[in-house]
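Below, each value reflects all heavy atoms present in this structure, side chains not excepted, and no hydrogens, waters or symmetry copies. A note on names: the letters A, B, ... follow the listed sequences, proteins ahead of strands, and every chain is numbered from 1.
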Number of protein chains: 2
Amino acid sequence: MKTEKISELTTNRLSVYLRCLNELAAAGVETISSQALAEQFNLNSAQIRKDLAYFGEFGVRGVGYYVNDLREHLRQILGLTRDHRIAIVGAGNLGLALANYQGFNLQTFQIVALLDSDPGKIGSPARTGLLIEDVQNLAEVIRREEISIVIIAVPAVAAESVLDEATAAGVKAVLNFAPVRLHPKPGVKVKNVDLTISLESLSYFLARPSATGVIVDYRDFLPTEDATENGQAQSAG
Amino acid sequence: MKTEKISELTTNRLSVYLRCLNELAAAGVETISSQALAEQFNLNSAQIRKDLAYFGEFGVRGVGYYVNDLREHLRQILGLTRDHRIAIVGAGNLGLALANYQGFNLQTFQIVALLDSDPGKIGSPARTGLLIEDVQNLAEVIRREEISIVIIAVPAVAAESVLDEATAAGVKAVLNFAPVRLHPKPGVKVKNVDLTISLESLSYFLARPSATGVIVDYRDFLPTEDATENGQAQSAG
DNA sequence: AATTGTGAATTCCTTCACAGCC
DNA sequence: GGCTGTGAAGGAATTCACAATT
């Protein structure tokens with residue numbers, strides 16, 4: 001286990017490895033080599049070994065990695081052995097879709113609060129049965145529900161003030177869907193999902209003559225990285 | 001205008017610059033220096049100048065960049081001067097939220113088709129008034145509606161076959177929300193939005209002692225980059 | 001005087017290649 | 001023999017720093 005700072009490119013890949021290990025475990029596979037794992041994503045086996053080596057020596061020379069063992073290590077490293085209680089701010093289409101989304105691990109990531117500013121929505125239950133609360137009570141909800149992650153799904157103009165209130169209430173991790181650059185806060189990690197940037201990236205590709213090219217790069221298997229937000233957090237307190 | 005290949009990090013930043021220029025134009029600002037623009041995102045002014053220099057010389061020494069002029073150049077570069085007709089596959093929570101989403105430029109990105117495999121949904125209109133069509137007719141819909149971008153919002157197991165059918169019908173650009181690594185196709189650009197990776201990245205941050213650190217890095221203003229999919233497309237035909 | 005455009009330096013990330021171990 | 005872990009090499013992205021230009 002080294003102490004140098006770990007790139008977010010590395011931790012994103014750890015998520016990918018974990019997902020793959022989950023599938024391998026479900027399929028009853030017991031060991032896997034970095035080479036075999038690498039082939040799943042068109043990536044370099046040394047990359048995988050390096051990524052893992054930041055955190056320990058999990059492999060066995062001549063054998064590879066024990067699937068269940070490595071899987072457990074990755075869950076530890078990624079902090080997935082404890083729950084994360086999530087509040088979604090914004091009960092519009094996107095917020096409600098996220099509240100109902102079945103895609104992420106419901107065991108680990110629990111959506112326990114849903115807030116909005118619209119009086120017509122406050123007090124009524126979403127499909128999940130979750131009561132929509134007043135965004136003005138965000139700080140109180142964060143404390144009451146022991147929220148560790150806030151998802152911002154409000155219009156761009158309202159996003160900054162939601163971040164202000166969430167961080168004032170002690171939240172350290174925010175997933176922002178509003179198409180806006182939020183001002184950085186000390187000690188707070190903000191990840192952005194910016195659909196406009198993603199679509200414009202596709203548009204750029206379509207506009208190029210080289211748009212007829214071939215994608216044969218392992219990098220084409222990860223989510224889209226910001227050009228101005230890699231979400232790197234520097235210690236300073 | 002250079003011919004070297006442009007990094008997706010660069011093109012993502014161009015989207016960010018454009019958004020900022022839109023705001024500046026709306027505010028009546030006429031010129032802006034790379035330094036002033038850089039301060040908006042905590043990024044380096046040389047970075048902005050380098051990014052722009054890949055495509056031409058848009059600035060005026062001693063003055064900076066004319067906001068409207070640069071804005072128009074960026075719209076051209078990003079291919080935003082023509083429409084993109086979009087089909088969303090999957091009329092679940094996420095697909096419907098995207099169909100109703102007001103966040104992106106509705107002028108440029110038009111959602112003109114919505115498909116699903118559920119017989120209970122096919123034939124009924126979504127809130128937008130768009131009729132939900134049978135995903136089995138995807139190829140036909142793509143041709144009829146002249147779709148250039150397909151958004152995949154189906155469960156992970158179904159995503160690969162949607163990509164197969166879309167690319168067989170000639171689609172070159174895909175935005176994938178399914179939490180799965182799709183197999184690369186020649187000449188097709190796939191951008192992934194992977195909420196699991198984003199949340200696990202936040203979880204990792206929260207699990208570290210250094211989670212008390214300060215984020216003061218310009219990179220914290222962009223969307224999340226894949227660890228295994230930067231969406232790079234190599235020309236090969 | 002101010003600001004761009006860009007070669008050089010730096011920093012960061014990936015890949016190679018091999019010693020070390022099972 | 002096969003595979004990991006890692007130092008060294010290579011490549012890519014960022015930042016510096018300054019000549020060129022208005």
Side-chain angles (χ1 to χ4, degrees), chain A residues 1-2 4-14 16-17 30-39 41-67 69-70 73 217-222 225-232 234, chain B residues 1-2 4-14 16-17 30-39 41-67 69-70 73 216-222 225-230 232 234:
Chain A
M1 172 88 73
K2 301 167 184 183
E4 38 185 318
K5 67 178 187 308
I6 311 295
S7 156
E8 187 152 5
L9 294 168
T10 290
T11 62
N12 283 352
R13 280 191 297 262
L14 295 184
V16 174
Y17 306 157
E30 300 208 333
T31 67
I32 187 148
S33 68
S34 60
Q35 181 57 51
L37 197 55
E39 281 161 9
F41 326 113
N42 295 30
L43 79 77
N44 187 287
S45 65
Q47 176 97 79
I48 295 179
R49 296 198 299 277
K50 271 252 156 82
D51 285 340
L52 298 175
Y54 286 121
F55 300 96
E57 304 202 357
F58 306 131
V60 181
R61 288 160 203 243
V63 176
Y65 300 88
Y66 287 100
V67 169
D69 181 52
L70 182 56
H73 278 297
D217 193 295
Y218 76 86
R219 295 183 189 81
D220 297 302
F221 292 96
L222 283 189
E225 184 96 14
D226 294 342
T228 58
E229 171 150 34
N230 281 337
Q232 292 183 356
Q234 305 300 327
Chain B
M1 172 90 72
K2 303 170 182 181
E4 38 186 314
K5 68 177 188 307
I6 312 295
S7 156
E8 187 152 6
L9 294 169
T10 291
T11 62
N12 283 351
R13 280 191 297 262
L14 295 184
V16 174
Y17 306 156
E30 300 208 334
T31 67
I32 187 148
S33 68
S34 60
Q35 182 57 51
L37 197 55
E39 281 162 9
F41 327 112
N42 295 31
L43 78 79
N44 187 288
S45 65
Q47 176 97 78
I48 295 178
R49 296 197 299 276
K50 271 248 155 85
D51 285 341
L52 298 176
Y54 286 120
F55 300 96
E57 304 203 356
F58 305 130
V60 180
R61 289 162 201 241
V63 176
Y65 300 88
Y66 288 99
V67 170
D69 180 54
L70 183 56
H73 278 298
V216 189
D217 192 298
Y218 76 87
R219 295 182 189 82
D220 297 303
F221 292 94
L222 283 189
E225 185 93 14
D226 294 343
T228 57
E229 170 151 34
N230 282 338
Q232 293 184 355
Q234 303 300 326

Exercise. If you check every side-chain atom of A:Glu57, which of D:dG5, C:dT6, C:dT14 has the closest atom?
Worked result: D:dG5
Exercise. Side chain to side chain donor-acceptor pair (under 3.5 Å) with B:Ser45: which residues, sequence neighbours excluded?
Worked result: B:Arg49
Problem set entry | Verdict with supporting geometry, B:Ser33 and B:Tyr65, side chain to side chain contact (heavy atoms under 4.5 Å, CB included) | CA-CA 6 Å; B:Ser33 68; B:Tyr65 300 88; over 6 Å; no
Problem set entry | Atom pair CG (B:Leu9) and OG1 (B:Thr11), whose distance is rounded to the nearest 0.5 Å | 8.0 Å
For nucleotides 19-22 of chain C, tabulate all protein N/O to nucleotide N/O atom pairs closer than 3.5 Å, reporting atom names and distance.
unit_1 : atom_1 : unit_2  : atom_2 : d
C:dG20 : N3     : A:Arg61 : NH1    : 3.1
C:dC22 : O4'    : A:Arg61 : O      : 3.3

For this session: Could you check how far CG of A:Leu52 sits from C1' of D:dT6, rounded to whole Å?
Result: 13 Å
For this session: Quick one: label B:Ser34 by what it contacts on the DNA or RNA (base, sugar-phosphate, nothing), any heavy atom closer than 4.0 Å.
Result: sugar-phosphate
Exercise. Could a donor-acceptor pair under 3.5 angstrom be found where the side chain of A:Lys50 meets the base of C:dT15?
Worked result: yes
Exercise. Taking CD from B:Gln47 and C1' from C:dT10, how many angstroms apart are they, rounded to a whole number?
Worked result: 14 Å
Exercise. Is A:Arg49 near enough to C:dT15 that one of its side-chain N or O atoms lies under 4.0 angstrom from OP1 or OP2?
Worked result: no
For this session: Output all residues satisfying side chain to side chain donor-acceptor pair (under 3.5 Å) with B:Glu39, sequence neighbours left out; order by chain, then residue number.
Result: B:Gln35
For this session: Let me know the distance between CD of A:Gln35 and C1' of D:dG1, rounded to the nearest Å.
Result: 15 Å
Exercise. Does OP1 or OP2 of D:dG5 have a side-chain N or O of A:Tyr65 closer than 4.0 Å?
Worked result: yes
For this session: Can you tell me the distance, in whole Å, between the CZ atom of A:Phe55 and the C1' atom of D:dT6?
Result: 16 Å
Problem set entry | Rounded distance in Å - CG (A:Asn12) to C1' (C:dC12) | 16 Å
For this session: First locate atom CZ of A:Phe55, then atom CG of A:Leu70, and finally report the distance between them rounded to the nearest 0.5 Å.
Result: 11.5 Å
Exercise. In whole angstroms, how far is the C1' atom of D:dT4 from the OH atom of A:Tyr54?
Worked result: 16 Å
For this session: Count the heavy atoms of every other residue, nucleotide or ligand shown that sit under 6.0 Å from OH of A:Tyr66, and state whether that count exceeds 12.
Result: no
Exercise. Out of C:dT4, C:dT14, D:dC3, which nucleotide sits closest to the side chain of B:Ser33?
Worked result: C:dT4
For this session: Give the nucleotide from the list D:dG5, C:dC16, C:dT14 with an atom nearest to the side chain of A:Ala46.
Result: C:dC16
For this session: To the nearest 0.5 Å, tell me how far B:Leu52 CG sits from B:Gln47 CD.
Result: 10.5 Å
Problem set entry | Nucleotide C:dT4, atom C1' - distance to CG of B:Asp51 in whole Å | 14 Å
Exercise. Which whole-number value in Å describes the distance from A:Glu8 CD to D:dA13 C1'?
Worked result: 17 Å
